[in-house]
Amino acid sequence: MHEYANDAGLVSSYFNHLQEEFRMPINLKGRSFLTLKDFSTREIQYLLDLSLSLKEKKRSGIRGECLAGKSIALIFEKPSTRTRCAFTVACIDEGGHPEYLGKNDIQLGHKESVKDTARVLGRMFDGIQYRGFKQSVVEELALYSGVPVWNGLTDMYHPTQILADFLTLKENFGKLKGLKFVYVGDGRNNMANSLMIGSAKMGIHFRIAAPGDLFPEKGLVEECQAMALETGATIEFFEDPVKAVKGADAIYTDVWASMGEEDKLAERVALLKPYQVNSKLMEATGKPECIFLHCLPAVKGNEVTEDVFESSNSKVFEESENRLHTIKAVMVSTAGNI
Ligand code: CP
Ligand code: NVA
């Protein structure tokens with residue numbers, strides 16, 4: 001164990017190995033959810049199973065009490081429909097109290113440091129959701145608040161979205177391992193990064209189709225390749241979208257300019273036009289049953305055409321609903337009474 005002591009990645013990999021070997025029971029109490037890198041294959045599987053049972057529970061009209069007496073802070077420095085609503089409704093469904101803290105409501109990063117804000121909120125709340133720009137901010141909140149912190153999107157990662165995406169894949173195909181999953185478009189944004197990590201963890205054959213300038217950062221690719229060796233996943237990069245999608249079970253895309261980089265839109269449109277998900281690209285999969293996914297909101301006419309978005313292959317609203325059940329699973333397993 002000694003040789004692993006100074007490397008967080010290796011410690012986590014060693015722990016995952018022990019967890020797998022001895023089939024230790026899963027217990028996520030007190031854990032933060034900052035990136036899927038911190039979670040083992042079994043822990044992700046556990047969160048997906050829990051999401052499904054919470055979905056069934058809600059459908060059968062049973063009101064939960066897993067967050068009874070708990071107060072949850074929801075910090076948003078960027079706008080949100082799905083993530084905000086999913087955290088709010090999930091919290092209320094389980095008897096908790098959500099408090100929305102918008103970018104003009106609190107002093108975070110302006111009049112008060114992240115470290116001080118973390119220590120104040122940690123004394124009042126039982127869990128903190130953060131959506132914003134820098135990954136370092138969500139990490140600092142987790143370091144100093146003393147309560148579970150959940151990443152509701154940063155420039156680098158969007159891990160709660162991946163749980164919803166994978167639950168949707170599982171519902172459609174009955175499995176994750178071995179699926180052929182192709183992400184088309186801006187290959188270095190928070191969605192591409194997080195889908196690559198999640199796929200590596202879950203044994204998915206993941207491809208990114210993007211212009212070379214928009215491939216993900218080399219260091220992250222290497223980390224994911226190392227994870228993939230343990231799970232049987234493969235990770236490949238293509239500049240030709242038609243070649244990339246051949247045999248795909250699912251195609252995923254996202255906006256061409258993420259929140260905070262709106263000034264890059266014109267240049268991205270020029271670069272990414274050949275990467276639009278349209279009916280021709282769906283046909284190029286050779287699989288009529290290939291599904292279409294998108295984290296939303298979508299810019300129809302850019303990354304996806306209206307007809308693909310509205311087609312029966314499109315599962316975007318199932319995926320959107322799954323944000324609720326998966327976010328609930330994250331909150332109740334890390335900060336709830338289960
Ligand atoms: N997919 C997603 O995170 O949507 P919002 O930006 O609406 O939260
Ligand atoms: N890449 C997008 C995801 C939105 C859910 C963004 O960051 O704006």
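First listed ligand is number 1; within each ligand, the first listed atom is number 1. All residue numbers refer to positions in the sequence shown, counting from 1.
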Can you find an N/O atom of Arg84 closer than 3.5 Å to an N/O atom of ligand 1? no
Residue, atom and distance of the protein heavy atom nearest atom 7 (O) of ligand 2 read Asn190 ND2, 2.8 Å
Closest to atom 4 (O) of ligand 1 among protein heavy atoms sits Arg82 NE, 2.8 Å
Nearest non-hydrogen protein atom to atom 3 (C) of ligand 2, with distance, is Asp254 OD2, 3.6 Å
The closest protein heavy-atom partner of atom 6 (O) of ligand 1 is Arg131 NH1, 2.8 Å
Decide whether an N or O pair under 3.5 Å exists between Met259 and ligand 2.
-> yes
shortest atom 4 (C) of ligand 2-to-protein heavy-atom contact is with Leu153 CD1, 3.8 Å
Quick note on ligand 2: atoms under 4.0 Å from a heavy atom of Leu296 include exactly 5 (C)
field: Aromatic plane relationship, Tyr183 with Phe206 - under 30° parallel, 30 to 60° tilted, over 60° perpendicular
entry: tilted
At under 4.0 Å between heavy atoms, what of Leu153 touches ligand 1? The answer is neither
* Would Tyr252 and Asp165 count as having a side-chain donor-acceptor pair, cut-off 3.5 Å? -> yes
Q. Around atom NZ of Lys243, are there more than 12 heavy atoms of other residues, nucleotides or ligands at under 6.0 Å?
A. no
Any nitrogen or oxygen of Cys295, main chain or side chain, under 3.5 Å from a nitrogen or oxygen of ligand 1? yes
With the 4.5 Å side-chain cut-off for hydrophobic clustering, are Leu50 and Ile162 part of the same group?
yes
